[in-house]
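All remarks here apply to the structure that follows.
Read the numbers this way: they start at 1 and go in the same order the structure lists the ligands and their atoms. Side chains are part of it too, since the values below use all heavy atoms of this structure and drop only hydrogens, waters and symmetry mates.
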Amino acid sequence: MSSADTIPARNFPVSAQAPGKCILFGEHAVVHGCPELVLAIDLTTQVFVRGAPSSSLNSDPNAGTANPYFRVALEVAWPDGKPIEVRSITRIPRAAGLGSSGAFVSALAAALGARTGGIARSQLAQRAFEIERGAQGVGSPGDTSASVAGGYVALNGGPGEPLWTVRAPEGRWEVRRVEDPRWVWVVAYSGVPRATADAVRAVGERVRRPDGPALLAQFAEVARSGIAAVGRGDRVETAELLRRNQELLREAGVSHPRVEALLAAAAPVAEAAKITGAGAGGSIVALPKPGREAELVRTLARAGALPFAVRCESEGASLVEAPTTE
Ligand code: PMV
């Protein structure tokens, strides 16, 4: 196994980082076994972990019970149980659909995996998913696999051999790498926070209606075509499929008036734009017209959003090594 496939063993103090993510195709439908395309973005979370007399997260001594992500991370990834002090810094807005929780649990599981003898990346992907699932109660491994792998990743689709398979009681998701077309994307947070779990449950109800299977089949077809279009760097086809995916998300009931206003604002400067993530608020992702990235960012800021121009982050969860001094 190459070092890229493994987080190596380290003693405390240890620091690790992991990227946030942006879903291009197939959110919600992926929970029901359909394909999804996610990219890791260059907004990251870094954690610093060391032994301490009592456990805390960002100086909060109650986080071990009050913060579900921290609580489940300790249960799943820290069998030792000795108290640890964790500090976390991030550029990813919270509850925005940009993978802040997936990045946090992936970075923390990498740091704790390092302290417990090292961990294979495939095992880290499973563990980070179990933490996020344990904390949220629902969901797919799309966010955590993108954070752990970096780059563009397809779930339940895409070319070649799987990087890994993530298992849950109700099913399994194969995760594959998709070639990076090296595009700049613009993501923008609407300012409307939402609970992923509530949106996932609402869509679960929606797809149990008689036309649910047909709706899921359309999500699957758009995501499969989208994975292929991005993989061959076809912007025109990608833009068309992003628009179709947005129509399906509206149909699934996860749009929001603020999000629709942002999509309308983006339209003149973007080849296409859609919700990214759970929706019902949250964020949009747009493929800017070439050379108009900065204009799109300004336009979305004027429309009241918090926009970021992002690139794909090719490095997944990794240790942050302190510089060595002579
Ligand atoms: O909005 P986020 O970042 O929590 O993404 C949710 C994506 C869903 O497909 C709606 C749920 C999931 O776990 O895949």
Side-chain angles (χ1 to χ4, degrees), residues 18-41 43-45 68-69 72 90 92-106 125-126 128-148 153-157 166-175 185 187-207 215-216 219-220 222-223 226 245-246 248-256 258-259 274-285 308 310:
K21 69 88 191 41
C22 161
I23 302 174
L24 296 180
F25 295 106
E27 54 270 268
H28 284 293
V30 68
V31 175
H32 306 279
C34 298
E36 179 184 60
L37 181 63
V38 196
L39 75 142
I41 57 177
L43 300 176
T44 60
T45 294
Y69 296 97
V72 182
T90 187
I92 311 168
R94 290 186 58 201
L98 298 175
S100 62
S101 57
F104 171 69
V105 302
S106 299
Q126 178 72 33
F129 167 64
E130 284 169 11
I131 297 168
E132 195 175 54
R133 167 64 76 93
Q136 283 181 184
V138 292
S140 81
D143 291 25
T144 43
S145 273
S147 277
V148 170
V153 296
L155 277 78
N156 300 334
V166 180
R167 293 181 171 77
E170 78 280 12
R172 56 209 283 283
W173 291 264
E174 286 188 336
V175 178
W185 296 89
V187 294
Y189 176 40
S190 66
V192 181
R194 83 288 169 273
T196 299
D198 293 345
V200 168
R201 289 195 183 96
V203 173
E205 294 292 315
R206 172 69 187 84
V207 301
L215 182 60
L216 284 178
F219 268 109
V222 167
N245 199 142
Q246 175 58 23
L248 296 174
L249 287 166
R250 281 188 194 115
E251 177 84 27
V254 294
S255 201
H256 183 281
R258 278 295 303 145
V259 166
K274 65 179 270 293
I275 288 168
T276 184
S283 295
I284 65 161
V285 57
F308 303 86
V310 294

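- Under the 4.5 Å side-chain criterion, counting only non-hydrogen atoms from C-beta, Glu27 is not in contact with Phe219.
- By the 3.5 Å distance cut-off applied to N or O atoms, Gly279 is not counted among the residues near ligand 1.
- When side chains are defined from C-beta on, Trp185 does not count as touching Ile41, because their heavy atoms never get closer than 4.5 Å.
- Near Gly97, meaning under 4.0 Å from any of its heavy atoms, are these atoms of ligand 1: 1 (O), 2 (P), 3 (O).
- The shortest distance between side-chain heavy atoms of Ile275 and Gln246 falls below 4.5 Å.
- Enclosure of atom CZ in Arg94 is not indicated, since only 12 or fewer non-hydrogen atoms of other residues, nucleotides or ligands lie within 6.0 angstrom.
- For the pair Glu27 and ligand 1, the shortest N or O to N or O distance does not fall below 3.5 Å.
- Of all protein heavy atoms, the one closest to atom 1 (O) of ligand 1 is Arg194 NH2, 2.3 Å.
- Contact of the Val31 side chain with the Val138 side chain is not registered, since no non-hydrogen atoms from C-beta on lie closer than 4.5 Å.
- Below 4.0 Å from some heavy atom of Val30 lie the following atoms of ligand 1, by number and element: 9 (O), 14 (O).
- Side-chain contact check for Val285 versus Ile23: every heavy-atom pair is 4.5 Å or farther apart.
- The distance from atom OG of Ser106 to atom CG of Asp143, rounded to the nearest 0.5 Å, is 8.5 Å.
- A salt bridge does not link Glu132 with Lys21: none of the charged nitrogens is closer than 4.0 Å to a carboxylate oxygen.
- With ligand atoms numbered from 1 in the order given, ligand 1 contributes 10 (C), 11 (C) to contacts under 4.0 Å with heavy atoms of Val200.
- The Thr196 neighbourhood of ligand 1 comprises atoms 1 (O), 2 (P), 4 (O), 6 (C), with distances under 4.0 Å to a heavy atom of that residue.
- Atoms of ligand 1 found under 4.0 Å from any heavy atom of Gly277 (numbered from 1 in listed order, with element): 1 (O), 5 (O).
- Residue contacts with ligand 1 for Ile23 involve side-chain atoms from C-beta outward but no N, CA, C or O (heavy atoms, distance under 4.0 Å).
- Every atom of ligand 1 with a heavy atom of Val31 under 4.0 Å away is listed here by number and element: 11 (C), 12 (C), 14 (O).
- Residue-ligand proximity, Gly139 to ligand 1, at heavy-atom distances under 4.0 Å covers atoms 13 (O).
- How far CD of Gln126 is from CZ of Arg133: 10.5 Å, rounded to the nearest 0.5 Å.
- A donor-acceptor contact shorter than 3.5 Å links the side chain of Ser147 to the backbone of Pro19.
- The shortest N or O to N or O distance between Asp143 and ligand 1 is below 3.5 Å.
- Interface atoms of ligand 1 facing Ala278, defined by a heavy-atom separation under 4.0 Å, are 1 (O), 2 (P), 5 (O), 6 (C), 10 (C).
- Contacts between Thr276 and ligand 1, counted as non-hydrogen atom pairs separated by less than 4.0 Å, are absent for every part of the residue.
- The nearest protein atom to atom 14 (O) of ligand 1, hydrogens excluded, is given as Ser140 OG, 2.6 Å; this is a heavy-atom distance.
- Residue, atom and distance of the protein heavy atom nearest to atom 8 (C) of ligand 1 are His28 N, 3.9 Å.
- We find the CZ-CG distance between Phe25 and Asn245 to be 6.5 Å, quoted to the nearest 0.5 Å.
- Heavy-atom distances between Lys21 and ligand 1 reach below 4.0 Å in at least one pair.
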